[in-house]
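So the structure is just underneath, and the comments pick up after that.
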There are 2 protein chains.
Amino acid sequence: MKKGQVTIRDIALKLKISISTVSRALRDSPEIKLETRKKVLAMAEKLNYTPNVVAQSLRVNKTKTLGIVVPQLASHFFASNISGIQDTAYSRGYNVMICQSNESFDQEKSDIRTLISSRVDGLLISLSRETSSYEHLDNLIEREIPFVLFDRIHEGLPVSTVTVDDSLGAYKVTKHLIGQGCRRIAFMSGPEEMYISKKRMAGYEKALDEYGMKVQNDLVKHSDLTENCTQILTQELLDLEEMPDAIFAINDPVAIDVMKFLKSRGLKIPADVALVGFTNMPISDALEPSLTTVDQPAYEMGKLAANNLLDQLMNPEDFEPQAIVLDTELIVRKSSQK
Amino acid sequence: MKKGQVTIRDIALKLKISISTVSRALRDSPEIKLETRKKVLAMAEKLNYTPNVVAQSLRVNKTKTLGIVVPQLASHFFASNISGIQDTAYSRGYNVMICQSNESFDQEKSDIRTLISSRVDGLLISLSRETSSYEHLDNLIEREIPFVLFDRIHEGLPVSTVTVDDSLGAYKVTKHLIGQGCRRIAFMSGPEEMYISKKRMAGYEKALDEYGMKVQNDLVKHSDLTENCTQILTQELLDLEEMPDAIFAINDPVAIDVMKFLKSRGLKIPADVALVGFTNMPISDALEPSLTTVDQPAYEMGKLAANNLLDQLMNPEDFEPQAIVLDTELIVRKSSQK
DNA sequence: CTGTTAGCGCATTCAA
DNA sequence: TTGAATGCGCTAACAG
C-alpha cells in the first residue's frame with residue numbers, strides 16, 4: 001500500500017467487494033446501491049485514491065488529452081491562445097499537452113510525433129515560420145487523427161481553421177495610414193510562405209490599390225521575426241533614397257523591435273515615421289508612443305479552436321470542417337497619428 | 001488495420017513471429033538476431049508503427065512525463081521557465097504537461113490532482129498568489145511523489161527549490177534608489193504570504209536599515225497583482241501627505257501598471273517618481289522611460305529545476321533536496337536615474 | 001444490484 | 001534466440 005498509488009483493487013480488498021463494483025460506484029453507475037456507493041466513496045477518500053488515467057486511457061483507447069503545437073510559448077499571443085484552449089478543454093473534461101516548435105519545421109514535426117505517441121485524442125496546431133511543406137499534416141489526415149489549425153494555418157486541407165480576418169486587418173491598417181497622409185508605407189512582413197504574411201500582404205496591397213498606389217518592392221521586407229533581422233531590414237528601409245513615412249509591422253513584437261531601432265537612430269515616431277503593429281499585446285499601450293495596432297482576440301481564438309476540435313471528437317461522423325474567421329479591430333494610438 | 005493505430009501485434013502477425021520478439025527487437029534487446037531485428041524495424045517503418053506510450057506507461061508504471069503548475073502562462077517569466085523545463089525534459093526523454101492555476105489556490109490543488117491522475121512521474125510547481133496553506137504539498141510528500149518548487153516556493157519542505165536571491169535583488173534595487181537620492185521609497189509588493197513578497201520585502205528593509213531609514217507602513221502596499229488593484233494602491237501612494245519619490249514594484253508587470261497610472265496622472269518618471277521593477281521582461285527597455293529592473297534568469301531556472309527533478313527520478317535513493325539560489329543583476333535604466 | 005471474465009498494448013519472466 | 005504466459009489498472013460485456 002505504501003508502494004505505488006492506491007488502486008480500485010485496494011478499495012475492493014478493504015471493503016471485501018469486487019473491483020467491478022468499486023469501478024461502478026466510482027463512475028456513478030446507476031445500477032449501484034446508494035449504500036455501497038457511499039462506502040466506496042468514503043474508502044476512496046480515506047485511502048486518497050486517484051484514478052489511474054493511464055489505465056483508463058488504455059482501456060477505452062482515449063486519453064482525453066489534446067495536443068497543442070505553437071511556435072513559441074513566450075509570446076503573449078500564443079500564451080493567450082493556449083489559455084483559451086486549456087479553459088475550454090478542462091471545462092469539457094480534457095487535459096492538454098503543449099509543445100513549442102521554436103519556429104522550427106523539424107521541431108514541429110517532432111512535436112507532432114511525440115504527441116501522437118502520447119495518443120492525444122486530437123491536435124491544435126499553429127505552424128512554425130519555417131513550415132512551407134505540409135506532408136506531416138497530410139499524414140495526420142491519412143491516419144484520421146483530428147486536428148485544427150489556428151492563426152498560422154495552411155489552407156486547402158479538409159480540417160477546421162481558426163483565424164482572424166488577417167487581410168481585412170491589414171487593409172484597415174493601411175487605409176488608416178493613408179488617411180494620415182502617409183504615401184510611402186513600408187510593410188515589415190514575416191517569412192514569405194507564412195500564412196499571415198500572405199494574407200496581411202494581400203490586405204496591404206488592396207488598400208494601396210484602392211488609392212491608386214502600387215506596392216513597391218523595396219518597401220516590402222520579410223523578416224524572420226528575430227530582432228536582429230528586423231533591425232537590419234529596418235536599416236535598409238532607412239537607407240532608401242526616399243525613406244518610408246510609415247512602417248506597418250506584421251505583429252507587435254516586430255513593431256517593438258522596429259520602434260527600438262528607429263528611436264536608436266534618433267527618428268521620431270510618428271513624426272518622421274508612423275508605426276503600426278498587429279496583435280494588441282497588453283503592453284503596446286504602455287510604449288512611447290503608444291502603439292497603433294490591430295486587436296486580435298487570442299483567447300477567443302483558442303476557445304473556438306478547442307471547441308471545434310472537441311465537437312469533432314464527440315461527433316466524428318457528421319462533422320464538417322469549418323473555416324472560422326474572427327473580426328479584428330483597429331486600435332488607433334499615438335504611433336500612427338501624424 | 002484501418003481502425004486504430006498499428007500495434008506490435010500487427011507487426012508480429014505480418015512477420016509470423018511472436019509479439020514478444022517484436023517487442024524485444026523494437027527495444028534493441030541484445031538477445032535478438034540482427035536479421036530479425038532488421039525485419040521488424042523494416043515492417044514497423046512500413047506500417048507506420050508508433051509505440052503506444054499509454055500502454056508502455058501502464059506496464060512500467062512510469063509515464064516519462066513531468067507535470068508543471070504555474071500561476072499563469074501569459075507571463076513572459078513563466079513562459080521562459082517552462083521553455084527551460086521543456087528543453088531539458090525533452091533532451092532527457094521526458095514530456096511535460098502544463099497547467100496554470102490562474103493564481104487560484106483551488107485551481108492549483110485541482111491542477112495537481114489532475115497531473116497525479118495522469119500519473120506524471122514528478123512535478124514542477126510555482127505557487128499561486130493565494131497559496132498560504134501547504135497541505136496539498138505535504139500530501140505529495142506523503143505519497144512520495146517527487147516535486148520541485150521554483151520561484152514562488154515555500155520553505156521548510158524536504159524538497160528542492162529553485163529561486164533567485166530575491167532578498168539580495170530587492171536590496172540592490174533599494175540601495176540603488178537611495179543612491180539616487182530617493183528618501184521616500186515605496187514598495188508595491190504582492191500578497192503578503194507570497195514567498196517573493198516576503199523575501200523582496202526583507203531586502204528592501206535591509207537596505208533601508210543600512211542607511212538608517214525605517215520601513216514606513218504607509219509606503220508598503222500589497223497588490224493582488226491585478227492592474228486594477230495596483231492602480232488603486234498607486235493612487236493611495238499619491239494621496240499621501242508626502243508623496244513617495246520612488247516606487248519599487250514587485251515585478252515588471254506591476255511596474256508597467258504603475259508606470260501607466262503615473263503617466264495618466266501627469267507625473268514624470270523618474271523626475272517626480274522613480275520606478276523600478278523586477279524580472280527584466282524583454283519589453284522593459286522599450287518602455288519610455290526604459291525600466292530599471294532586476295534580471296531574473298527564467299529559462300535557466302527552468303533548466304535547473306527540471307534537471308534537479310530528473311536527477312531525483314533517475315536516482316531516488318541517494319537524493320538530497322537542494323535549495324538552488326541564482327544570482328540576479330540590477331539593470332539600471334532611465335526610470336530610476338534622477 | 002453485484003461478481004466473474006476478458007482484454008486494451010506492452011514488457012518481462014520463465015521455458016524451450 | 002524465440003515463444004507462451006502473466007499482469008499493469010481499469011471498464012464493460014455477460015451472468016447471475
Side-chain angles (χ1 to χ4, degrees), chain A residues 1 3-41 43-44 47-65 93 95 116-121 143, chain B residues 1 3-41 43-44 47-65 93 116-121 143 145:
Chain A
M1 184 79 54
K3 206 74 237 133
Q5 307 259 9
V6 179
T7 73
I8 54 172
R9 190 156 171 264
D10 297 319
I11 300 179
L13 248 40
K14 286 267 187 198
L15 257 31
K16 295 200 181 46
I17 57 179
S18 78
I19 62 167
S20 38
T21 303
V22 176
S23 172
R24 279 188 278 251
L26 256 17
R27 336 199 69 243
D28 274 348
S29 164
E31 37 174 27
I32 282 281
K33 216 191 339 184
L34 181 62
E35 196 192 336
T36 332
R37 166 150 64 232
K38 278 190 179 167
K39 273 201 312 202
V40 171
L41 260 32
M43 183 57 74
L47 297 183
N48 212 344
Y49 168 77
T50 327
N52 186 330
V53 173
V54 176
Q56 286 176 328
S57 299
L58 180 61
R59 182 64 180 73
V60 302
N61 198 28
K62 291 216 159 38
T63 52
K64 291 272 199 171
T65 300
N95 281 317
I116 298 302
S117 285
S118 295
R119 292 299 194 269
V120 293
D121 294 342
R143 298 168 72 161
Chain B
M1 187 75 54
K3 204 76 236 130
Q5 306 258 9
V6 179
T7 73
I8 54 172
R9 193 160 166 259
D10 298 318
I11 300 178
L13 249 40
K14 286 268 186 198
L15 257 31
K16 294 201 185 37
I17 57 178
S18 78
I19 62 167
S20 29
T21 303
V22 176
S23 173
R24 279 188 277 251
L26 256 17
R27 332 203 72 244
D28 274 347
S29 164
E31 38 174 26
I32 281 282
K33 219 193 329 185
L34 181 62
E35 193 192 340
T36 329
R37 167 154 58 237
K38 276 191 179 165
K39 272 201 313 201
V40 171
L41 260 32
M43 183 57 74
L47 297 182
N48 212 344
Y49 168 78
T50 328
N52 187 329
V53 174
V54 175
Q56 286 176 327
S57 299
L58 180 61
R59 181 63 179 76
V60 302
N61 199 28
K62 291 218 159 34
T63 52
K64 291 272 199 171
T65 301
I116 298 302
S117 284
S118 295
R119 292 301 190 269
V120 294
D121 294 341
R143 298 168 72 162
I145 297 169

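Any value given below was found using the heavy atoms of this structure, including those in side chains, with hydrogens, waters and symmetry copies removed. A, B, ... follow the sequence lines: proteins, then strands. Residue 1 opens every chain.
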- Item | Full working for side-chain contact (heavy atoms from CB on, under 4.5 Å) between B/Lys64 and B/Gln56 | CA-CA 10 Å; B/Lys64 291 272 199 171; B/Gln56 286 176 327; over 6 Å; no
Below 3.5 Å is the cut-off: list the nitrogen or oxygen pairs between protein and nucleotides 11-13 of chain D, distance only.
{"residue": "D/dT11", "atom": "OP1", "partner": "A/Arg27", "partner atom": "NE", "Å": "3.2"}
{"residue": "D/dT11", "atom": "OP1", "partner": "A/Gln56", "partner atom": "NE2", "Å": "2.8"}
{"residue": "D/dT11", "atom": "OP2", "partner": "A/Ser23", "partner atom": "OG", "Å": "2.7"}
{"residue": "D/dT11", "atom": "O2", "partner": "A/Arg59", "partner atom": "NE", "Å": "2.6"}
{"residue": "D/dT11", "atom": "O2", "partner": "A/Arg59", "partner atom": "NH2", "Å": "2.4"}
{"residue": "D/dA12", "atom": "O4'", "partner": "A/Arg59", "partner atom": "NH2", "Å": "3.0"}
{"residue": "D/dA13", "atom": "N6", "partner": "A/Arg24", "partner atom": "NH1", "Å": "3.4"}

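- In the helix from C/dC1-D/dG16 to C/dA16-D/dT1, the terminal helix axes, each the rotation mapping four pairs' C1' atoms onto the next four within five end pairs, subtend 50°, rounded to 10°.
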- side-chain contact (heavy atoms from CB on, under 4.5 Å) between B/Arg119 and A/Asn52, worked out: CA-CA 7 Å; B/Arg119 292 301 190 269; A/Asn52 186 330; 3.6 Å; yes
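- Per the geometry, CD belonging to A/Gln5 stands 15 Å off P belonging to D/dC8, to the nearest Å.
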- Message: Please determine whether side-chain contact (heavy atoms from CB on, under 4.5 Å) holds for the pair A/Asn95 and B/Ser118, giving the CA-CA distance in whole Å, both sets of side-chain angles, and the decisive distance to 0.1 Å.
- Response: CA-CA 9 Å; A/Asn95 281 317; B/Ser118 295; 3.6 Å; yes
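- Counting non-hydrogen atoms under 4.0 angstrom, B/Asn61 reaches nothing in the nucleic acid.
- Counting only N and O atoms by type, the side chains of B/Thr63 and B/Asp121 include a donor and acceptor under 3.5 Å apart.
- B/Ser57 comes within 4.0 angstrom of no nucleic acid atom, judged by non-hydrogen atoms across all strands.
- Taking the 5' to 3' direction, DNA chain C first and last meets chain B under 4.0 angstrom from a heavy atom at C/dG9 to C/dT13.
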- Do B/Val40 and B/Ile17 pass the side-chain contact (heavy atoms from CB on, under 4.5 Å) test, and can you show the C-alpha distance, the side-chain angles, and the key distance before you say yes or no? CA-CA 10 Å; B/Val40 171; B/Ile17 57 178; 3.9 Å; yes
- Message: Set out, in order, the CA-CA distance, both residues' side-chain angles and the distance that settles side-chain hydrogen bond (donor to acceptor under 3.5 Å, both in side chains) for A/Arg143 and B/Thr50, then state yes or no.
- Response: CA-CA 11 Å; A/Arg143 298 168 72 161; B/Thr50 328; 2.7 Å; yes
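- Here the closest heavy-atom approach between residue A/Leu26 and residue A/Tyr49 is recorded as CD2-CE2, 3.6 Å.
- In this structure, NZ in A/Lys14 is found 11.0 Å from CD1 in A/Ile11, a value given to the nearest 0.5 Å.
- Contact annotation for B/Leu58: base contact, defined as any heavy-atom pair under 4.0 Å involving a base atom.
- For the pair A/Gln5/B/Ile145, a side-chain contact is recorded, criterion being any heavy-atom separation below 4.5 Å from C-beta on.
- Atoms CZ and CD1, on B/Arg24 and B/Ile8 in that order, are 10.5 Å from each other to the nearest 0.5 Å.
- Summarising the geometry of A/Arg9 relative to A/Ile19, their closest heavy-atom pair is CA-CG2, 3.7 Å, with the distance given to 0.1 Å.
- Comparing B/Arg37 and B/Arg119 along DNA chain D, the residue whose closest nucleotide (by nearest heavy atom) sits nearer the 5' end is B/Arg37.
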